[in-house]
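Both ligands and their constituent atoms are indexed starting at 1 by order of listing. Treat the numbers as computed from the prediction; the structure is a model and nothing was measured. If you read the sequence from its start, that first residue is 1, and numbering goes on from there.
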Amino acid sequence: MVLVRADILAKDAQRYHYAVGAFNVTTIGMVQGVIAAAEANQAPVILQFGERQARFVPLATIAPILIAAAKSATVPVAVHLDHGLSFETVMQALRLGFSSVMIDASSQSIAANQAVTAAVVRVAHALNVSVEAELGPMQREGGPDAVDYAGLDATYTDPGVVADFVAATGLDMLAVAYGTVHGVYTQTPRLNYDRLAEIAQQTHVPLVVHGGSGLSDGDYRRSIAGGIAKINYFSTMAKNVTDAIRDRLNQPENQGVFVSELALWERDLVAEEVAARLAVFGGQGRGPEVLRMMR
Ligand SMILES: [Zn+2]
């Protein structure tokens, strides 16, 4: 129906005590699955695509697909660039029509992170696009270095720099680190809710959790109560869908299945995964309300 800024959805979530689900999608089956679940629940949703995922499909190819899917959905949908790693990639996403972007310079110094985020905000806001940035940096499972769970607290967001960073950059959503990691967890995550509370006291902008797949339902609920308004969700969904497709392929009656059929399995399995998450994140029925507010 309409392509919306992700921060409009995150602010609605903040106000009505839920979290908007932000699902990474790399195939048309995944796009259709996320939209189907969002429509079935009348929930706003964010379709997102990370710069690192461009090895699956180029940004310029997937962008018009995401935008068309958002515009034809019966619920408000944002199309968000996840983890834009450079100013240049973010500019490309703006040109392609994304309604929201993340600039991730969290591995750089805070001064450098602040400078590039402020530059992105200036251009994005001129184009009516929202901006997410990250103060962390968050670690990643499956990368070159093993995640150091014992030393994770050293990489948590420092509450002392949050207010200045938000004010100096003008960002719309802030990704924060308080115990989650990217990828499939190899240890049970232990989130630091005291740290989340200290961060939330420093700013009114919606907070974002990355590495949001693989947490318990209790962790989601406590995080939402603590100020998280956008939950990034990918790895566990991708793994569960793959496992289910593998099981089905191994069944004797499916030995003649074509790859085109797999896309339909993928769509339906992704829809199941997303619906199960929306049941915990909340936001069911908020879609029509958000559309009404935007008119
Ligand atoms: Zn992330």
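Listed by chain and residue number, R246 satisfy the side chain to side chain contact (heavy atoms under 4.5 Å, CB included) test with T242 (two or more places apart in sequence, or in another chain).
Distances shorter than 2.8 Å separate the Zn ion (ligand 1) from the protein N/O/S atoms H83 NE2, H182 NE2, H210 ND1.
For N240 and T236, the side-chain atoms include no donor-acceptor pair closer than 3.5 Å.
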>> Quick one, Q48 with F234, criterion side chain to side chain contact (heavy atoms under 4.5 Å, CB included). Give me CA distance, side-chain angles, the key distance, then yes/no.
In response: CA-CA 10 Å; Q48 61 183 21; F234 174 68; over 6 Å; no

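The side-chain tip of R286 points at the ring of Y16 from less than 6.0 angstrom away and within 45° of straight on. By the 6.0 Å and 45° rule, R195 does not stack over the aromatic ring of Y178.
Atom CD1 of I28 is surrounded by 12 or fewer heavy atoms from other residues, nucleotides or ligands within 6.0 Å.
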